Amino acid sequence: NAGVTQTPKFQVLKTGQSMTLQCAQDMNHEYMSWYRQDPGMGLRLIHYSVGAGITDQGEVPNGYNVSRSTTEDFPLRLLSAAPSQTSVYFCASSYEMNTEAFFGQGTRLTVV
Amino acid sequence: GESVGLHLPTLSVQEGDNSIINCAYSNSASDYFIWYKQESGKGPQFIIDIRSNMDKRQGQRVTVLLNKTVKHLSLQIAATQPGDSAVYFCAPTGSGNTGKLIFGQGTTLQVKP
């Protein structure tokens, strides 16, 4: 049982490059979300989805795009990376909106 | 907007002592509360939850207390062990929320041997 799988685990980008952080879950969860974690800032919600085809913005959505074409996958896209996006990114899923969330192991992204 | 705050960013305790981690929330519509533990280099993991129709819930060595009147909850860890060293987050949610699972900054628990 894999749970929530994030790839890659580590990534270095140059300013202006684009990339997609992958997130997949095998628990048939409807609710998925992306967070970034910076020192002293806790976990901040970027985008979330309550089901396939439905996404919405969180606390810090600027510079990020998401889509949800399947229940299993919820990729996070950085269209033009900036140093301010250097962070650790976590994907989470839950059965419903207000139930226990399961987190992936994180992606550590550095933008130089 | 919604906010979640923990009273102390860092808590240092002696091994064997009890730990108390506090959390204040702003959304009075929150009716379900979860505590998560995040060990270094890992994603957060569920510890214990409590619903608003309760004011206390106990697990193994952990107890969560909820005071809805002042919008405050606490996590108590009995006989704190080195393996309890981690960052702890509370996450209020529930039917009144908009679907955004908001976390506070977290409290770092350091256990001294």
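Lettering of chains follows the sequences in order, A, B, ..., and the numbering in each one begins at 1. Here the structure is a predicted model, which is why all the values come from computation and not from measurement.
- Contact tally against chain B (heavy-atom pairs below 4.5 Å) for A/Q57, A/E100, A/R108: the top residue is A/E100.
- Using a 4.0 Å cut-off between charged side-chain N and carboxylate O, B/D55 and B/K68 make no salt bridge.
- Using a 4.5 Å cut-off between heavy atoms, A/A101 touches chain B through backbone and side chain atoms alike.
- In this structure, B/R61 pairs ionically with B/D84, as a charged nitrogen and a carboxylate oxygen lie closer than 4.0 Å.
- Separation of the B/H72 and B/Y25 ring centroids does not fall under the 6.0 Å cut-off.
- Heavy-atom distances place the side chain of A/Q37, and not its backbone, under 4.5 Å from chain B.
- Other residues, nucleotides and ligands place no more than 12 heavy atoms under 6.0 Å from the CE atom of A/M41.
- Using a 4.5 Å cut-off between heavy atoms, B/Q45 makes no contact with chain A at all.
- B/N22 and B/S74 share no side-chain donor-acceptor pair at under 3.5 Å.
- Comparing A/F103, A/Y35, A/F90 by heavy-atom pairs within less than 4.5 Å of chain B, the highest count is held by A/F103.
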